[in-house]
> 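This is the structure I want to talk about, given as structure tokens.
The figures here come from the full heavy-atom set of this structure, side chains too, leaving out hydrogens, waters and symmetry mates. What you see is a predicted model, and the numbers here were worked out from it, not measured in a lab.
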Amino acid sequence: MIVPISLLAELLQALPQLRAQIYFKSSMTALSHAMEDLVLAGSDDEPLVIASFQRERFYRQEAHRYKRIASRSSQVYVLAAPETEFKNSSECHESVAFAPEDGLNKEWHLVVLGEHYSTCLICQEKIVPIDNQDDRDPLLMDQARRFEGIWTFDREVSCKAAELLLARIVTYRPELAEKIDRARTTYNLVKTPKKTRKSAVSKAAKPDISAPKNSQIPNPKLRDAFTERLVTYLQAGQHKLLKAYAAIAAQERKERLVNLITTAMRQSLNPQEIVEVAVQELGTALSASRCLIYRCKAADVAVKIDREFLRPGASSLLNQTWPLQENPIWSDAVARQERVYVQDTAQHPLIVNTKSLKKTVKNWQIVSWLMVPVLYQGRVLGMVEMHQCRSALAWEEDEIALVEAIATQLGAALIQAETYAHLEELNQQLEALDRTRSNLIAITGHELRTPLSTIQVCLESLNSEPDMPAELRQIMLETALGDADRMRKLVQDFLTLSHLESGRVQWNVESLTLQECVDLALSSVRSPSLDRQLPKIIAEVSAELPLVQADGEWLVEVISKLLDNACKFTTPQGSVTIRAKCNGCQMVEVIVADTGRGIEANSLKVVFDRFYQEEGALRRSAGGTGLGLAICKQIVAGWGGKIWVDSAGKDRGSEFHFTIPIV
């Protein structure tokens with residue numbers, strides 16, 4: 001039963017004057033639909049329609065059309081190679097399931113014979129090898145499939161094609177032989193002996209009730225109807241093609257922008273640079289009047305605009321304070337974590353009914369407004385805003401999707417930059433910790449070993465020389481006691497700083513007179529037990545100052561350490577001044593100024609670090625641990641104040657400032 005011979009080959013052999021042409025699938029689809037519509041729109045009763053599909057799936061795409069055609073005629077035959085449920089049947093039309101090995105599985109046929117017209121399409125697929133098929137669009141590849149064959153209105157050719165197809169149908173469905181014989185008679189397809197083939201063909205072409213004069217050419221009405229249908233399908237195909245090209249162009253633009261943001265992210269971990277690239281490219285791509293991208297959090301009240309894309313004619317928002325919480329559109333976008341698009345601000349009820357928002361829209365001439373939040377794992381990192389300022393230009397869905405894609409990419413970029421910044425900060429902390437460790441080792445070796453050695457020498461001398469003169473014995477004892485006291489202070493500073501940094505200190509806050517605390521600190525600095533020459537100390541603290549609120553013991557400690565530090569680095573010929581003033585209505589500012597060696601500009605930010613001394617850990621001519629200012633910083637922070645230092649440079653003195661809350 002299998003017939004491997006090509007039907008096209010049989011037709012060309014029977015009618016050698018025919019010449020095959022090349023057709024693409026898109027063209028054949030348009031021709032087939034036009035031919036089918038000619039049946040549906042024509043006035044002929046009972047036309048003969050024979051359609052042969054390569055596979056069942058191709059028929060499934062057109063099944064609804066052939067059900068409608070079957071309602072116009074009982075002589076409708078559909079052939080296809082079965083794949084799932086297609087089989088021989090006589091339900092709405094005659095279905096013929098041919099063997100997959102049949103030559104028909106590589107061909108596409110449609111024959112229509114009516115009383116006033118005839119047409120046929122007989123084609124065989126040409127397999128053309130295509131390189132890199134995996135890289136091509138499957139849809140475009142399908143439409144570019146090539147077929148070789150015949151398409152004509154010639155009745156002789158149509159009749160011969162119908163005769164050949166009916167013969168194939170009888171092969172697969174012998175039970176239809178009687179029905180097919182009636183079709184041959186009705187449409188003048190009665191077989192004739194080979195020797196009379198020429199006369200039979202001539203007879204088939206003669207005018208009669210089924211073949212009117214010039215029947216190979218449809219009458220003008222049918223021809224116009226066919227042409228109209230064909231043009232309609234060609235236009236529809238062109239429209240689909242344009243949409244496909246537009247979608248490809250949009251996808252290319254989206255990928256280009258996303259790649260641009262990705263490249264910027266890889267080249268720079270600076271969030272400002274990443275945002276600058278995104279705002280300029282996005283504004284250009286979407287032809288926006290204004291594009292804003294800014295960093296913000298869900299709880300922010302307002303933000304200062306520092307990045308903007310602007311077209312001529314639109315007002316600049318650069319360096320403007322942009323309200324957030326009082327903008328319900330912004331709040332809606334943040335709450336839903338989704339885009340908010342207002343195509344026409346003049347018609348949006350939320351804008352019309354919100355006075356402040358209405359004013360914003362008017363002041364900045366916003367006609368269309370798009371907001372897309374920049375998110376990362378549900379956390380708001382910023383916002384992308386697009387404004388149209390001249391007309392309510394509608395952004396397409398794919399354009400809005402592009403903005404969302406960029407916002408997603410921005411979220412990842414900003415988090416990466418933020419993570420890098422945190423890593424840098426952590427590295428700096430680790431470096432500081434390493435310096436602290438090194439300084440601690442140096443201090444332990446210098447500040448502890450030296451007094452221990454002195455104490456040991458003094459004690460050994462006293463022990464080994466019982467007859468030592470009383471004056472020398474006294475000197476030895478005083479030296480040992482002095483160094484022991486020095487070690488005690490060092491250990492005490494370590495413990496004090498440790499308690500302050502750990503937060504284990506119990507603050508006894510009370511109302512205090514600043515002048516009294518200054519007097520106590522001066523007493524400790526001028527103590528006779530400290531055998532040293534001090535510079536001139538001047539106190540300019542008015543008794544009229546308001547009471548301060550702090551822990552008295554710790555306040556005296558801060559003043560004492562600052563005075564001690566000033567005296568340590570000021571020659572006896574210099575001076576140290578302590579004064580105070582009101583700093584606003586909530587703070588008193590205390591200043592300890594000296595005429596000493598001063599501080600270099602690059603050291604102003606690190607003088608409050610642990611173990612810091614400008615000379616370095618191993619060259620401490622003034623002595624000390626370098627913990628005093630670090631302790632002061634922790635104490636002042638404990639009551640909510642601030643501490644800082646000013647200096648004009650080396651040998652030009654220093655001014656240490658700190659603030660205390662007023663009662």
> Would you say that C123 contacts L8 through its side chain, given a criterion of any heavy-atom pair below 4.5 Å between the two side chains?
no
> So that I can tick it off, tell me whether R168 and E10 are bridged by a salt bridge, with the cut-off set at under 4.0 angstrom between side-chain N and carboxylate O.
yes
> Nearest 0.5 Å, what's the CE-CZ distance between M386 and F309?
8.0 Å
> So, for V279 and C291, which heavy atoms are closest and what is the spacing to 0.1 Å?
CG2-O, 3.2 Å
> So, the side chain of Q280 versus the backbone of E308: is there a donor-acceptor pair under 3.5 Å, distance only?
yes
> Please check this pair: side chain of T345 against backbone of S368, looking for a donor-acceptor N/O pair closer than 3.5 Å.
no
> Can you tell me how far apart CG (L166) and CG (L176) are? Round to the nearest 0.5 Å.
10.0 Å
> Any side-chain to backbone donor/acceptor pair from R339 onto L370? Under 3.5 Å, distance only.
no
> Kindly check if the number of other-residue, nucleotide or ligand heavy atoms within 6.0 Å of CZ (R55) is above 12?
yes
> Is I406 close to V384 at the side-chain level, that is, under 4.5 Å between some pair of heavy atoms?
no
> Do other residues, nucleotides or ligands put more than 12 heavy atoms under 6.0 Å from Q17 CD?
yes
> So, for P328 and T354, which heavy atoms are closest and what is the spacing to 0.1 Å?
CG-OG1, 3.9 Å
> Search all heavy atoms of C92 against all heavy atoms of A70 and return the closest pair with its distance.
O-CB, 3.1 Å
> Which residue, E125, H109, K106, forms the side chain to side chain donor-acceptor pair (under 3.5 Å) with Q54?
E125
> Can you name the closest pair of heavy atoms from V334 and A298 and give their distance?
CG1-CB, 3.8 Å
> So does K358 have more than 12 non-hydrogen atoms from other groups sitting under 6.0 Å from NZ?
no
> Students often mix this up, so state it plainly: with edges at 30° and 60°, are the rings of W322 and W369 parallel, tilted or perpendicular?
tilted
> With a 4.5 Å heavy-atom cut-off, do L18 and D154 have their side chains touching?
no
> Main chain of S287, side chain of Q388: is a donor-acceptor contact present, judged purely on distance under 3.5 Å?
yes
> Closest approach of L310 and A314, non-hydrogen atoms and distance?
CD2-O, 3.4 Å
> Do F147 and W108 have ring centroids that are under 6.0 Å from one another?
yes
> Is a donor on one side and an acceptor on the other found under 3.5 Å between the side chain of Q337 and the backbone of G378?
yes
> Look up atom CG in L79 and atom CG in D102, then write down how far apart they are to the nearest 0.5 Å.
9.0 Å
> Determine whether Y187 and E46 make a side-chain contact, defined as any pair of heavy atoms from C-beta on separated by less than 4.5 Å.
yes
> Evaluate the criterion side-chain contact (heavy atoms from CB on, under 4.5 Å) for residue pair I169 and I50; output intermediate values, then yes/no.
CA-CA 10 Å; I169 293 171; I50 309 173; 4.2 Å; yes
> Evaluate Y77 against Q75 for side-chain hydrogen bond (donor to acceptor under 3.5 Å, both in side chains), listing each step before the verdict.
CA-CA 7 Å; Y77 301 87; Q75 292 288 345; 2.5 Å; yes
> Please check if the number of heavy atoms outside Y341 that lie under 6.0 Å from its OH is greater than 12.
yes
> Donor-acceptor check, side chain of H387 to backbone of C389, threshold 3.5 angstrom: yes or no?
no
> Does the side chain of E107 pick up a donor-acceptor pair with the side chain of S52 at under 3.5 Å?
no
> Can you find a heavy atom in the side chain of N327 that is under 4.5 Å from one in the side chain of T360?
no
> Yes or no on side-chain contact (heavy atoms from CB on, under 4.5 Å) for H93 and I69, after CA distance, side-chain angles and deciding distance?
CA-CA 9 Å; H93 51 65; I69 292 172; over 6 Å; no
> Within the distance-only criterion (no hydrogens, no angle test), does the side chain of S95 pair as donor or acceptor with the backbone N or O of N88 below 3.5 angstrom?
no
> Please check this pair: side chain of W395 against backbone of L286, looking for a donor-acceptor N/O pair closer than 3.5 Å.
yes
> Would you check if the side chain of R311 reaches a backbone N or O of A288 as a donor-acceptor pair within less than 3.5 Å?
yes
> Side-chain donor-acceptor pair under 3.5 Å between R173 and S90, yes or no?
yes
> Once rounded to the nearest 0.5 Å, what's the spacing between atom CD of E36 and atom OG of S32?
6.0 Å
> Quick one: CG on L375 to CG on L381, what's the gap to the nearest 0.5 Å?
7.0 Å
> For V111 versus I122, what's the shortest heavy-atom pair and its separation?
CG2-CD1, 3.9 Å
> Using side-chain contact (heavy atoms from CB on, under 4.5 Å), reason through D37 and R65 one step at a time and then give a plain yes or no.
CA-CA 9 Å; D37 282 353; R65 296 175 65 82; 2.7 Å; yes
> Once rounded to the nearest 0.5 Å, what's the spacing between atom CG of L38 and atom CE of M35?
8.5 Å
> Distance alone, cut at 3.5 Å: any donor-acceptor contact between the side chains of H33 and E62?
yes
> Taking S315's backbone N and O only, do any of them form a donor-acceptor pair with Q365's side chain (distance below 3.5 Å, no angle check)?
no
> Given the side-chain rings of F53 and Y66, with only the six-membered ring counted for Trp, is the space between their centroids under 6.0 Å?
yes
> After noting the C-alpha distance and the side-chain angles of L110 and V49, does the key distance pass the side-chain contact (heavy atoms from CB on, under 4.5 Å) rule?
CA-CA 7 Å; L110 178 59; V49 180; 4.2 Å; yes
> Below 4.5 Å, heavy atoms only, C-beta onward: do R184 and I180 meet side chain to side chain?
yes
> Are L113 and L189 packed together at the side-chain level, in the sense that at least one heavy-atom pair is separated by less than 4.5 angstrom?
yes
> Less than 4.5 Å apart, any side-chain heavy atom of L317 and any of Y294?
no
> Between K160 and E156, is there a side-chain N and carboxylate O pair less than 4.0 Å apart?
no
> Are there more than 12 heavy atoms of other residues, nucleotides or ligands under 6.0 Å from atom CD of E91?
no
